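Count residues from 1 along the sequence. Just so it is clear, the model here is predicted, and its values are computed rather than measured.
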Amino acid sequence: MSTTRIPAPLLAVAAIVSVQFGNAFAGSFFAQVGPLGAAAMRLAFGALILAVVVRPRVRSWDARTWAGVVGLGVALGGMNSLIYLAIHEIPLGVAVTVELFGPLAVAVAGIRRWVDAVWVLLALGGVALLGLEAGGTLSLLGLVLAAGAAAFWALYIVMSSRLGSRVRGVDGLAAAMVIAAVLVVPFGVVQASDAVVADPWLLAVFVLVALLTSAIPYALEFVALKTMPARVFGVLSSLGPAMAALAGLLVLHQLLAPVQLAAIVLVTAASIGVVATSRRPGAGAAPELVE
């Protein structure tokens, strides 16, 4: 079945599941290659996979399209490298919580009805509860890095939304992944190479990580953003921390605290609500793309 026949919100949720379960699988390996080494390997393999599978047709692109692709590549490189650097400084739950304010900012910017504000507030409440679970003294550097990742995530949503109508399929995403890899790999190649020389099986691990956390979810998101309002995607992204908690339970056998369960209820309610009350393009409303 073509992905164009699958509802865009379902594609976005599938992308979130892939990312969080991929990160849960790879969590115990990131320390071996370092934060930038992990980002470099994830982006390098992700770019290679997409370039081979998609084979983007770039000859017909004009300067404006290339500018959008470069902007998307910068966003991908920035959010992947900064979130790994943040996780190195502060707890994962806090880093993901802070990073999530990027897509939520996009959702807030797209508010047009009072009901939209209700869903955003519910999502914010759930994200805040997840952040309370971290505890301890937090590194200011880690918080700044996570905030930077949030800004790049917001840029990723906006650039994907704008670029989607200008290129065929996921051609723009494939090219942007190559640009992101070119930008990040030089900073992580030394540590990643040392780790792979010591343990060659890490190559297979990060090929799988690239599939689960980059190639598959980014392709699904890119297709989804062709027809789904960016604000809807922003609120759906609030499922990320909740899905991470579920992945931790099923893959890493981490028990959920009552506060985390409450957060899951809030963000899930917000995500269901935004999908149930969103205006469909086919019903007389055009997709709302962030300008």
Side-chain angles (χ1 to χ4, degrees), residues 3 6 8-54 72-73 75-88 92-93 95-96 99-100 103 149 152-153 156-157 160 169-170 173-174 176-178 180-181 184-185 188 192 195-196 199-225 233 236-254:
T3 54
I6 301 176
L10 184 58
L11 292 176
V13 172
I16 294 168
V17 172
S18 181
V19 167
Q20 298 305 334
F21 276 83
N23 283 338
F25 165 75
S28 59
F29 301 109
F30 289 157
Q32 299 182 45
V33 299
L36 286 178
M41 293 180 71
R42 170 181 172 178
L43 286 171
F45 286 128
L48 179 61
I49 292 168
L50 281 178
V52 171
V53 173
V54 176
L72 185 60
L76 285 167
M79 73 180 191
N80 278 282
S81 56
L82 289 181
I83 191 57
Y84 283 164
L85 286 168
I87 291 171
H88 187 66
L92 174 62
V96 173
E99 186 192 28
L100 189 59
F152 278 112
W153 195 355
Y156 162 72
I157 295 171
S160 294
V170 294
L173 172 66
M177 282 287 288
V178 174
V184 175
V185 166
V196 169
D199 296 302
W201 52 269
L202 285 173
L203 287 174
V205 169
F206 276 91
V207 167
L208 181 57
V209 169
L211 280 169
L212 293 175
T213 64
S214 293
I216 293 175
Y218 289 156
L220 292 175
E221 290 174 356
F222 195 79
V223 172
L225 282 165
F233 179 84
L236 281 175
S237 296
S238 64
L239 278 172
M243 193 58 63
L246 179 60
L249 173 65
L250 298 179
V251 179
L252 303 176
H253 308 293
Q254 298 172 342

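Annotation for G73 and A180: closest pair O-CB, 3.3 Å, computed over non-hydrogen atoms. Across all non-hydrogen atoms, the minimal contact from L211 to S18 is O-OG, 4.4 Å. Closest approach of A181 and A47 over heavy atoms only: CB-CB, 4.1 Å. Of all the heavy atoms in A39 and S81, the pair that sits closest is CB-CA, 3.9 Å.
For the pair L173/L76, a side-chain contact is recorded, criterion being any heavy-atom separation below 4.5 Å from C-beta on. When side chains are defined from C-beta on, M243 counts as touching F21, because their heavy atoms get closer than 4.5 Å.
Residue pairs meeting the side-chain hydrogen bond (donor to acceptor under 3.5 Å, both in side chains) criterion with at least one partner in residues 29-38, sequence neighbours excluded, are absent.
A search for side-chain contact (heavy atoms from CB on, under 4.5 Å) contacts involving V19 returns N23, P217, not counting sequence neighbours. Residues meeting the side-chain contact (heavy atoms from CB on, under 4.5 Å) test with L203, sequence neighbours left out: M41, F45, V196. Residues passing the side-chain hydrogen bond (donor to acceptor under 3.5 Å, both in side chains) test with T213, sequence neighbours excluded: R42. Applying the side-chain hydrogen bond (donor to acceptor under 3.5 Å, both in side chains) criterion to E221, with sequence neighbours excluded, gives Y156.
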Check: residues 8-15 side-chain donor-acceptor pairs under 3.5 Å, at least two apart:
none

Go through the steps to decide whether W153 and I83 satisfy the test side chain to side chain contact (heavy atoms under 4.5 Å, CB included), and finish with yes or no. CA-CA 10 Å; W153 195 355; I83 191 57; over 6 Å; no
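When each of L43, L85, V184 is paired with N80, the side chain to side chain contact (heavy atoms under 4.5 Å, CB included) condition holds for L43 and for no other.
Going from atom CD1 of I157 over to atom CE of M79 covers 8.5 Å, rounded to the nearest 0.5 Å.
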